[in-house]
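Only one structure is covered here, and it is reproduced in the block below.
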There are 2 protein chains.
Amino acid sequence: MGKQTTEMLKGTLEGIVLAILARQPAYGYEITARLRDQGFSDIAEGTIYALLVRIEQRGLVDVEKVPSEKGPPRKVYALNATGGEYLDEFWRTWSFLAERIEQLHRDIRPTHDTHDTDEAEGA
Amino acid sequence: MGKQTTEMLKGTLEGIVLAILARQPAYGYEITARLRDQGFSDIAEGTIYALLVRIEQRGLVDVEKVPSEKGPPRKVYALNATGGEYLDEFWRTWSFLAERIEQLHRDIRPTHDTHDTDEAEGA
DNA sequence: TACCGGTACTTAGCAAGACCGAATACTGAA
DNA sequence: TTCAGTATTCGGTCTTGCTAAGTACCGGTA
């Protein structure tokens with residue numbers, strides 16, 4: 001994908017990750033891999049880690065360090081109550097935006113123009 | 001709305017405006033007013049004007065200056081061929097993202113966890 | 001005349017979030 | 001010893017929306 005995806009992820013990626021954590025706790029590397037599996041083929045790893053730091057600092061998740069057999073310890077993130085509320089608000093915001101955008105998508109064909117801005121057709 | 005809306009608009013507002021222009025040419029003040037009517041009650045005027053400058057510089061729209069009876073001349077923007085293609089790509093990107101997010105929304109309830117990351121439950 | 005409100009656009013500086021690239025750290029296999 | 005895979009961190013860049021202020025043009029009113 002391209003630049004449009006990058007920009008669109010701003011504001012939605014956070015909700016996506018929170019939604020994943022709502023299903024079950026997970027750590028950064030795992031989340032990145034799962035996103036790639038789901039088609040987000042080019043989400044940068046650094047992006048996810050930065051996002052996790054942010055949501056931790058805002059108190060939306062609880063963190064536990066769990067030793068790994070294959071490398072450095074994992075930081076396992078779990079959605080807490082605050083995070084749950086924040087996620088609910090995310091869904092409300094998303095629905096609001098998605099509805100309006102879908103409406104625009106449907107309205108591709110102009111009907112016949114009956115809005116009430118003045119019709120100054122000079123020059 | 002709050003900060004979530006602001007962040008979510010990044011990447012989508014451009015498509016929204018292009019979609020409006022796809023229906024019919026319009027000028028900044030008018031677009032702002034129309035967005036407010038449609039529920040985007042707190043989109044800053046400056047944001048729209050800045051966005052219009054950007055899409056003009058990228059050659060997605062054609063611009064015509066039209067005198068107004070009530071104030072300074074209007075800059076009327078019309079989607080051109082390049083803009084049309086760009087808008088198509090926007091819809092593809094949007095659909096991709098929206099489908100995955102809706103999927104997450106549906107999957108709020110954990111099924112039973114059958115992903116293939118290793119199950120190291122040590123500590 | 002002088003002022004105000006509505007119309008219409010511009011600009012500078014800020015904040016947030018995704019990107020890239022590199023570094024760090026731990027493990028097991030070639 | 002080196003390399004690949006696992007796992008996290010960090011610094012700097014770019015894009016984009018917001019704030020806030022300013023410019024400009026018009027009509028109505030005191």
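Only this structure's heavy atoms are used, side chains among them; waters, hydrogens and symmetry mates stay out. Below, read A as the first sequence line, B as the second, and so on, with proteins coming before strands; counting in each chain starts at 1.
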Could you list all N or O pairs between the protein and nucleotides 9-11 of chain C that sit under 3.5 Å apart?
{"residue": "C/dC9", "atom": "OP1", "partner": "B/K75", "partner atom": "N", "Å": "2.5"}
{"residue": "C/dC9", "atom": "OP2", "partner": "B/G28", "partner atom": "N", "Å": "3.3"}
{"residue": "C/dC9", "atom": "OP2", "partner": "B/Y29", "partner atom": "N", "Å": "2.9"}
{"residue": "C/dC9", "atom": "OP2", "partner": "B/Y49", "partner atom": "OH", "Å": "3.1"}
{"residue": "C/dT10", "atom": "OP1", "partner": "B/K75", "partner atom": "NZ", "Å": "3.2"}

Are any protein N/O atoms closer than 3.5 Å to N/O atoms in nucleotides 28-30 of chain C? If there are, list each pair with its distance.
none

side-chain N/O B/S68 vs C/dA8 OP1/OP2, d < 4.0 Å: yes
Indicate yes or no: does A/K75 engage A/E56 in a salt bridge with an N to O separation below 4.0 Å. yes
Could I get the full list of side-chain hydrogen bond (donor to acceptor under 3.5 Å, both in side chains) partners for A/Q4, not counting sequence neighbours? none
Considering all heavy atoms of both residues, which atom of B/G11 and which atom of A/E7 are nearest to each other, and what is their separation? CA-CB, 3.6 Å
Could you state the CD1-C1' distance from B/I43 to D/dG17, rounded to the nearest angstrom? 9 Å
If you look at every strand shown and take non-hydrogen atoms under 4.0 Å, does B/L52 touch a base, only sugar-phosphate, or nothing? nothing
Extract from the structure each pairing of a protein N or O with an N or O of nucleotides 13-15 of chain D at less than 3.5 Å, listing the distance.
{"residue": "D/dT15", "atom": "O2", "partner": "A/K10", "partner atom": "NZ", "Å": "2.7"}

Apply side-chain hydrogen bond (donor to acceptor under 3.5 Å, both in side chains) to B/Q38 and list each qualifying residue two or more places apart in sequence or on a separate chain. none
Applying ring pair (Phe, Tyr, Trp, His ring centres under 6.0 Å), name anything that partners B/F90, two or more places apart in sequence or on another chain. none
Would you mind reporting whether B/T6 and B/D42 have side-chain heavy atoms less than 4.5 Å apart? no
Nearest-Å distance, CZ (B/F90) to P (D/dT16)? 12 Å
For the pair A/R58 and A/E14, find out whether any cationic side-chain nitrogen is under 4.0 Å from an anionic carboxylate oxygen. yes
Decide whether a cation-pi geometry holds between B/R100 and B/F96; the criteria are a distance under 6.0 Å from NZ or CZ to the six-membered ring centre and an angle within 45° of the ring axis. yes
Using a 4.0 Å heavy-atom cut-off, does A/A44 contact any base of the nucleic acid, only the sugar-phosphate backbone, or nothing at all? sugar-phosphate
